[in-house]
Amino acid sequence: MLKIEYYLFLSSAIFGIAALGIAINRKNLISLLMCIELMLLAVNTNFVAFSRFLDQATGEVFVFFVLTVAAAEAAIGLAIVVALFRQRQSINVEDFSDLKG
Amino acid sequence: MNFAIDWMMLFFCAFAAMTLFSALCVVFSKNPVYAVLSLVLCFVSMAGGWMLLQAEFLSLVLIVVYVGAVMVLFLFVVMMLNMNLAPMQEGFARYLPIGLLIGACFVAQLLWIFHGSDLTALGLGHLPKKPEDYSSITELGMSLYTHYIYPVEMAGVILLVAIIAAIGLSLRPPRDRRSQNIPEQVRVRKSERLTVLAEVTPDSPLNMGERNAQN
């Protein structure tokens, strides 16, 4: 039978892998965005697991809104990446280190 | 030997293993397209995991909205930008031990909380039995449209703002396309558009109306 610890371990493992990914791929802008999406997935899993085991719909409602905002944030983040790429022809974070436009 | 297979545990282990494996592929993959496709696999297997928790609507929304829209957007952007990946991967071996330490710290903190808390006392010890006709989408819909109607409207506004922001950031000005410049059109003066060639008076030879009236 499923126990909540399994889902909590799974979500912490995914969160840890995403943190590792941010520490490793620190210069690649697209990889950073993908690791943020992984972190959001881990948090959503946590919410859904708690919602099921506590028999409340509140967790699922929150996941709904987190999905909405995460989709909006991914769209805007990618639009920023595209605009930056048009300016500098690179997605290396170090090339964007000065504040001049 | 008579043993029953715990199908839920079997499926959970399968989905969890696939999720963890594809998450590692996302982080360690050199090819950005492989990384995005591994992220797609991660989301799809996690959606299977959510299906086991009887959150059917959310797992399908994850596949349709997140994988189908957001990950496809990632794929478009990755394929559109021809990236020079060599300078970005040079810090890999240098930051790997620190990265493993950070990841291990996160996981250790979370596991310490889980082991320290008495889950049974919090009511999390067992899986509550849902009624036969339990429908996750009905429960979600009842909650969303009664108690949480204001956040639903706010979510719509957030999406509208995201549309406007994304278009405003990535729209190129028309270079070889013809378009109107409305302020310039409004500022036009009569002298720029109208040229008077000759004035027609009753005596001038150009006056055709008088001669026709006389005939």
Side-chain angles (χ1 to χ4, degrees), chain A residues 1-10 12-21 23-28 30-31 33-35 37-38 41 45 48-55 57-58 60-61 63-65 67-76 78-83 85 90-92, chain B residues 8 12 16 19-20 23-24 26-27 32 35-36 39 43 46 50 52-55 58 61 65-66 69-70 73-74 77-78 81 83-84 87-88 91-92 95-96 98-100 102-104 106-107 110-111 114 119 123-124 127-128 136 139-140 143-144 148 151 155 158-159 162 165-166 169-170:
Chain A
M1 219 49 224
L2 287 176
K3 290 197 280 195
I4 196 173
E5 290 100 344
Y6 304 153
Y7 276 97
L8 300 184
F9 293 164
L10 177 64
S12 0
I14 297 176
F15 197 88
I17 291 174
L20 169 70
I24 290 180
N25 299 326
R26 47 180 51 218
K27 292 183 189 162
N28 189 350
I30 303 265
S31 281
L33 284 172
M34 286 196 288
C35 291
E37 301 296 331
L38 269 179
L41 176 73
T45 307
V48 171
F50 272 108
S51 158
R52 173 73 173 98
F53 278 85
L54 289 172
D55 208 5
T58 312
E60 296 189 7
V61 168
V63 168
F64 189 81
F65 291 121
L67 279 176
T68 305
V69 174
E73 164 240 333
I76 295 180
L78 287 169
I80 290 177
V81 166
V82 162
F85 185 78
S90 137
I91 54 167
N92 194 346
Chain B
M8 286 191 85
F12 173 77
T19 307
L20 288 171
L24 285 169
V26 170
V27 164
V36 176
L39 194 59
F43 277 112
M46 205 64 229
W50 288 12
L52 286 171
L53 289 172
Q54 290 186 284
L58 282 174
V61 160
V65 167
Y66 227 83
V70 176
L73 186 60
F74 262 102
V77 171
V78 161
L81 317 174
M83 306 188 271
N84 182 15
M88 287 188 288
F92 186 83
Y95 292 116
L96 185 62
I98 299 282
L100 284 170
I102 292 175
F106 266 119
V107 177
L110 292 166
L111 293 184
F114 299 148
L119 290 172
L124 293 167
L127 196 64
S136 138
E139 297 289 325
L140 204 56
S143 271
L144 274 176
Y148 298 104
I158 286 176
L159 287 172
L169 277 169
S170 54

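Any value given below was found using the heavy atoms of this structure, including those in side chains, with hydrogens, waters and symmetry copies removed. Note that the coordinates shown come from a computational prediction; the quantities given were computed from them, not determined experimentally. Below, chains carry the letters A, B, ... as their sequence lines are ordered, and counting in each starts from 1.
- With a 4.5 angstrom heavy-atom cutoff, Leu110(B) touches chain A only via side-chain atoms.
- The two residues Ile17(A) and Val27(B) make their nearest non-hydrogen contact at O-CG2, 3.5 Å.
- Most heavy-atom pairs under 4.5 Å with chain B: of the set Ala79(A), Ala74(A), Ala83(A), this distinction falls to Ala79(A).
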Exercise. Could you go step by step and tell me if Val61(B) and Leu67(A) meet the side chain to side chain contact (heavy atoms under 4.5 Å, CB included) rule?
Worked result: CA-CA 9 Å; Val61(B) 160; Leu67(A) 279 176; 3.7 Å; yes
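- Ranked by heavy-atom pairs under 4.5 Å with chain A, the list Ser170(B), Ala165(B), Ser136(B), Pro128(B) is led by Pro128(B).
- Both the backbone and the side chain of Thr45(A) have a heavy atom closer than 4.5 Å to some heavy atom of chain B.
- With sequence neighbours excluded, the residues forming a ring pair (Phe, Tyr, Trp, His ring centres under 6.0 Å) with Tyr7(A) are Phe12(B), listed by chain and number.
- In this structure, Ile158(B) CD1 and Glu73(A) CD are separated by 11.5 Å, a value rounded to the nearest 0.5 Å.
- Between the CD atom in Gln54(B) and the CZ atom in Arg52(A) there is a gap of 4.0 Å [rounded to 0.5 Å].
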For this session: Determine, stepwise, if the pair Phe85(A) / Val77(B) fulfils side chain to side chain contact (heavy atoms under 4.5 Å, CB included).
Result: CA-CA 10 Å; Phe85(A) 185 78; Val77(B) 171; over 6 Å; no
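- For chain A, the option among Val78(B), Leu144(B), Leu159(B), Val26(B) with the highest count of heavy-atom pairs below 4.5 Å is Leu144(B).
- For chain A, the nearby part of Leu111(B) is the side chain; its heavy atoms alone come within less than 4.5 Å.
- Between Val107(B) and Phe9(A), every side-chain heavy-atom pair lies at or beyond the 4.5 Å cut-off.
- For Ala23(B), the parts lying near chain A are the backbone and the side chain together; criterion is any non-hydrogen pair under 4.5 Å.
- With a 4.5 Å cut-off on side-chain heavy atoms, Ile98(B) and Ile24(A) do not count as touching.
- Per-residue counts of heavy-atom pairs under 4.5 Å with chain B were compared for Val48(A), Thr68(A), Val82(A), Ile4(A); the largest is that of Val48(A).
- Between Ser143(B) and Ala57(A), the shortest heavy-atom distance links the atoms OG-CB, 3.8 Å.
- The two residues Ala23(A) and Gly99(B) come nearest to each other via the heavy atoms CB-CA, 3.4 Å.
- Both the backbone and the side chain of Phe64(A) have a heavy atom closer than 4.5 Å to some heavy atom of chain B.
- In this structure, the separation between CG on Leu41(A) and CZ on Phe43(B) is 5.0 Å, given to the nearest 0.5 Å.
- Of the two parts of Tyr66(B), only the side chain, counted from C-beta on, holds a non-hydrogen atom closer than 4.5 Å to a non-hydrogen atom of chain A.
- For chain A, the nearby parts of Leu73(B) are the backbone and the side chain; heavy atoms of each come within less than 4.5 Å.
- If you take OH on Tyr95(B) and CZ on Arg26(A), they are separated by 4.5 Å, rounding to the nearest 0.5 Å.
- Summarising the geometry, atom CD1 belonging to Ile102(B) is positioned 8.5 Å from atom CG belonging to Leu20(A); distances are rounded to the nearest 0.5 Å.
- In this structure, the separation between CG on Leu78(A) and CZ on Phe74(B) is 4.5 Å, given to the nearest 0.5 Å.
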Exercise. Between Val61(A) and Leu140(B), is a side chain to side chain contact (heavy atoms under 4.5 Å, CB included) present by the stated rule, with each step listed?
Worked result: CA-CA 6 Å; Val61(A) 168; Leu140(B) 204 56; 3.7 Å; yes
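- Across Leu169(B) and Ile76(A), no two heavy atoms sit closer than the pair CD1-O, 4.2 Å.
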